[in-house]
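Structure, as C-alpha cells:
To find a chain, count down the sequence lines: A is the first, B the second, and so on, and within it residues start at 1.
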2 protein chains.
Amino acid sequence: MSGDGTRITRGGRPRSEQLHQAILKAALDLVLEVGFRAVSIEGIAAKTGVGKTTIYRRWPNKAAVIMEAFIAQLGPASRFPEDERAVERLRLQMQTTAKAFRGRVGALVKALLAEAQFDPELAKAFRENWTLPRRKLVFEVLEEATQQGGLRKDLDIEAAIDAFYAPIYYRLQMGTGPISEAYVDKVYEQAMEGQRQRVKR
Amino acid sequence: MSGDGTRITRGGRPRSEQLHQAILKAALDLVLEVGFRAVSIEGIAAKTGVGKTTIYRRWPNKAAVIMEAFIAQLGPASRFPEDERAVERLRLQMQTTAKAFRGRVGALVKALLAEAQFDPELAKAFRENWTLPRRKLVFEVLEEATQQGGLRKDLDIEAAIDAFYAPIYYRLQMGTGPISEAYVDKVYEQAMEGQRQRVKR
DNA sequence: TGTGAGATACGCAACGGTTCGTATCGTTTT
DNA sequence: AAAACGATACGAACCGTTGCGTATCTCACA
C-alpha cells in the first residue's frame, strides 16, 4: 500500500524518514479531527508543512496515506493476553478489541472499512494488514482450545471466528447498541455455546 | 430522506411524479452499472434526460436519491416465509436475506452501508428504513419461538438477533468467504445453540 | 582523504480538469 | 400568477501534474 517503502536508493538525496512520520501523524490526526471524507492531500500537506508534491511522490492517494498511518500506529497485531485456558484468552482478546473499538481505533476501522468498499486496493490492504492477521490469531487460539477439549469435534473454525467477532463489527457500523463489556461477554457466551461439544439432545 | 415528498402545492406547476420515478430508476440503474462512487447527480440527470436543477430541487445529494430509490425498490419488508415453527421461519428468512445479498440488493446494501458511515443523515435513513424494520421482524419471530419453547428463559433478543445476522453482514463487507447456503445454515445452527435452553452441564 | 558531478528530494507556485451545488435565464404547465 | 421545467453559467474545492530553484546525499575518481 505504501508508495514504495522498499525502493532502492541509487544516489541522490534520500527521502526524509522524519517527514514520512510527520505526514503519517498529521494524516491520522486530521482523520480524527474532521473525519475521513473531509481529509485531503492538500490538507495533510498544509498541516504537516510540506508541499503536496512530497506526499504524491510517496503515496498514490489519501486512502493509501491513511491506511499506512493506521497500520503504523497499530504496530504488530497485539498478542493475546496470558491465560492457560485458550477460551479465556479468546474472551479477553474480544474485550481488548471492543475497548479499542470504543476509541480512536474504532473510528479508524469504521472509516477505513467503509472506504474499502469503494477501493479494491484499500480493501486488499485492510484485509491483509488488519483482518487476516487477527483472524489467524483467533484461528490458532481456537485450535488450541479444541485440543484442550470441550469444543465439538467437527468445529468449523472459520464460521466460529465469525460468530465471535462479527457481532462486534456489526455494532461498530450499525450503531444498534453499544459495544459494552457486558455485550461482548454475552456474544462470547452465546457463540461459545455454538462451539461446545454437545452433551446430548 | 426524500427532498420533501409531503410538500404543499399552493398553485403553480406541480412536480411531475413521472419524472420522480424516472429519476429513481435511472439512479439505481447507474449504481449497478458503474458503482456508487462513480455515480453523480449530473450523471443521473443526463441518463434521465432532465436538468440537474430538477434533481437538486428534490434531494440534497446523490446519497439521498439513491437511498430513496433503494427503499422504493424494496417495497415493504418482505414477510417471513410460512412455517408453523418460528425458528424454521427464521432460518428460511436468513436464507432469503443471504440470497438477496448475493445479488443486486447485496451490492446496494454494501454501498449504502459504507456511505452511511460518512453521512449521519444517510445512516439514519438506512437504519430506519432497512435495519430496524428487519430487526423488528426477527425480534417477533424470536419472541414467538420463545413461547413455543426450547429457547432459554433469559434470552437476550437483541444479542440473539446479532448472532444470527451479524455474520452475514460481516461476510458481505469483509469478503472473507461466500454467503453460501451452507454457510448460512452453519451460522443458524451455531447461533441457535447459543439460544437453546440448556439441558445441563 | 578529499572533492566535484550527478541524482534525487524538497517547497513553492501554477496549471488544466473535474465535480459540486447554486444561480439565473426563458419556457411550460397548472 | 405561480411554480416546475431544461439549459447554461458560475465560483469553489480538490485533484494530480509540472516546472522551477534549492538542498542534500551518494558515488566515482583523483
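Computed from coordinates, the A:Lys47 NZ to D:dC14 C1' distance equals 19 Å when rounded to whole Å. Rounded to an integer number of Å, the gap from A:Ile23 CD1 to C:dA9 P is 13 Å. A straight line from CD1 of A:Ile44 to P of D:dC14 spans 12 Å, rounded to a whole angstrom. In this structure, A:His20 atom NE2 and C:dC10 atom C1' are separated by 16 Å, rounded to whole Å. For A:Arg15 and D:dT26, the CZ to C1' distance is 16 Å, given to the nearest whole Å.
Distance alone, capped at 3.5 Å, is enough to place a donor-acceptor pair between the A:Gln148 side chain and the A:Ala86 backbone. Under a 3.5 Å cut-off, the side chain of A:Gln95 and the backbone N or O of A:Glu181 do form a donor-acceptor pair.
In this model, the phosphate group of D:dA3 is not approached by any side-chain N or O of B:Arg58 to a distance below 4.0 Å at OP1 or OP2.
The pair B:Arg152-A:Glu193 does not meet the salt-bridge criterion, since no charged nitrogen lies less than 4.0 angstrom from a carboxylate oxygen. Using a cutoff of 4.0 Å between basic side-chain nitrogens and carboxylate oxygens, B:Glu42 and B:Lys62 are not scored as salt-bridged.
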Mark up nucleotides 20-30 of chain C, 5' to 3', with B wherever a protein heavy atom is under 4.0 angstrom from a base atom, S wherever such an atom reaches only the sugar-phosphate, and - elsewhere. BBBB----BBS
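Taking the six-membered ring where the residue is Trp, B:Phe164 and B:Tyr188 present tilted rings, their angle falling between 30° and 60°.
Proximity of A:Arg58 to A:Leu19: side-chain heavy atoms (C-beta onward) are separated by under 4.5 Å at one or more points.
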